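See below for the structure under consideration.
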Amino acid sequence: MEAALSLLEEVRRIVDAVPSGQVITYGEIASLVGVHPRQAGRLVARLEDDSPWWRVVYSDGSPATCHDGAARTLLREEETPMCGERVDVRRLLEQRRSS
DNA sequence: CGGATGACGACAC
DNA sequence: GGTGTCGCCATCC
């Protein structure tokens, strides 16, 4: 049934569902929508700028290279658990599990 | 129609 | 732990 929704709309719903201080990886989105990571990145890029695209990070926790690193600043303002310049993915997973 | 490109991921060194 | 390379798929020229 979800298949009736466009992949772009599915991705948008997933990204929009990510709370502040939390992040999601492209691989997670790709797995959720059932597409390859490359396509997941393409879909996120095609999302409207009003969606929290900065909460979408790489599998290693590094923020998207786009927007001249603006994602890093936004994540920091969101009190996202960071490890230097990278998001502490391990801690995010644990926090998500505790949620 | 063919080749190059890109908001990625996993693997090898 | 960091860097480099390949694979995969859709879109652009």
Side-chain angles (χ1 to χ4, degrees):
Chain A
M1 45 184 178
E2 292 77 24
L5 298 172
S6 259
L7 291 174
L8 185 63
E9 195 169 331
E10 283 193 65
V11 173
R12 184 184 179 181
R13 172 182 270 184
I14 294 167
V15 175
D16 186 68
V18 179
S20 179
Q22 188 67 256
V23 297
I24 187 169
T25 63
Y26 289 98
E28 287 291 303
I29 297 175
S31 184
L32 287 169
V33 303
V35 297
H36 269 267
R38 271 289 193 194
Q39 192 171 359
R42 196 172 312 289
L43 292 167
V44 175
R46 291 176 72 164
L47 284 176
E48 299 180 27
D49 294 343
D50 63 295
S51 295
W53 58 266
W54 58 86
R55 289 178 192 159
V56 185
V57 299
Y58 290 133
S59 60
D60 64 341
S62 35
T65 61
C66 55
H67 288 265
D68 194 42
R72 187 184 69 82
T73 304
L74 289 164
L75 289 168
R76 189 167 187 168
E77 289 197 40
E78 297 290 276
E79 297 182 33
T80 307
M82 308 264 301
C83 186
E85 304 300 293
R86 313 261 193 278
V87 178
D88 198 336
V89 181
R90 229 225 330 150
R91 187 195 238 202
L92 263 301
L93 292 172
E94 219 174 297
Q95 183 178 325
R96 188 189 300 174
R97 185 174 68 86
S98 182
S99 182

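Letters A, B, ... are given to chains in the order of the sequence lines, protein chains preceding strands, and every chain is numbered from 1. Note that the structure is predicted; figures quoted are calculated from it, not measured. Both backbone and side-chain heavy atoms feed into the values below; hydrogens, waters and symmetry mates do not.
Distance A:Tyr58 OH to B:dA7 P: 7 Å, rounded to the nearest Å. Between the CG atom of A:Asp49 and the P atom of B:dA7 there is a distance of 14 Å, rounded to whole Å.
Residues A:Trp54 and A:Thr73 fail the side-chain proximity criterion, which asks for heavy atoms closer than 4.5 Å. Residues A:Pro81 and A:Val87 are not in side-chain contact: their nearest non-hydrogen atoms beyond the backbone lie 4.5 Å or more apart.
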For residues 28-41 of chain A, please give each side-chain donor-acceptor pair under 3.5 Å, one per line with the distance, not counting sequence neighbours.
none

Please output the side-chain donor-acceptor pairs of residues 14-23 of chain A that fall under 3.5 Å, not counting sequence neighbours, one pair per line with the distance.
{"unit_1": "A:Ser20", "atom_1": "OG", "unit_2": "A:Glu78", "atom_2": "OE1", "d": "2.7"}

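With rounding to the nearest 0.5 angstrom, the CG atom of A:Leu92 is 13.5 Å from the CZ atom of A:Arg97. For the atom pair CG of A:Leu47 and CD of A:Glu9, the computed distance is 10.5 Å after rounding to the nearest 0.5 Å.
A:Pro63 and A:Leu75 make their closest contact through CB-CD1, 4.1 Å (heavy atoms, listed as atom of the first residue, atom of the second, distance). When all heavy atoms of A:Leu5 and A:Glu10 are compared, the closest pair comes out as O-OE2, 3.7 Å.
Within the structure, no pair that satisfies the salt bridge (charged side-chain N to carboxylate O under 4.0 Å, His left out) test touches residues 58-69 of chain A, not counting sequence neighbours.
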Can you name the atoms? Protein N/O to nucleotides 3-6 of chain C N/O, anything below 3.5 Å, with the distance.
none

I'd like a table of atom pairs between the protein and nucleotides 10-13 of chain B - only N or O on both sides, under 3.5 Å - with the distance next to each one.
none

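Evaluation of the salt bridge (charged side-chain N to carboxylate O under 4.0 Å, His left out) rule for A:Arg72 yields A:Glu85 as partners, not counting sequence neighbours. Scored by the salt bridge (charged side-chain N to carboxylate O under 4.0 Å, His left out) test, A:Asp50 finds A:Arg12 as partners (sequence neighbours excluded). With sequence neighbours excluded, the residues satisfying side chain to side chain contact (heavy atoms under 4.5 Å, CB included) with A:Arg86 are A:Ser62. Qualifying ring pair (Phe, Tyr, Trp, His ring centres under 6.0 Å) partners for A:Trp53, counting only residues two or more places apart in sequence or in other chains: A:His67.
The stretch residues 19-35 of chain A touches DNA chain B through A:Tyr26, A:Gly27, each having a heavy atom within less than 4.0 Å of the strand. Interface residues of residues 74-84 of chain A facing DNA chain B, ordered by number: none; criterion, heavy-atom separation under 4.0 Å.
Under a hydrophobic clustering in which Ile, Leu, Val, Met, Phe, Trp and Tyr are joined whenever their side-chain heavy atoms come within less than 4.5 Å, directly or via other members, A:Leu7 and A:Ile24 fall into the same cluster.
In A:Arg90, the CZ atom is not crowded: 12 or fewer heavy atoms of neighbouring residues, nucleotides or ligands sit closer than 6.0 Å.
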Per-nucleotide protein contact string for nucleotides 8-13 of chain C (B base, S sugar-phosphate only, - none; heavy atom under 4.0 Å):
BBBS--
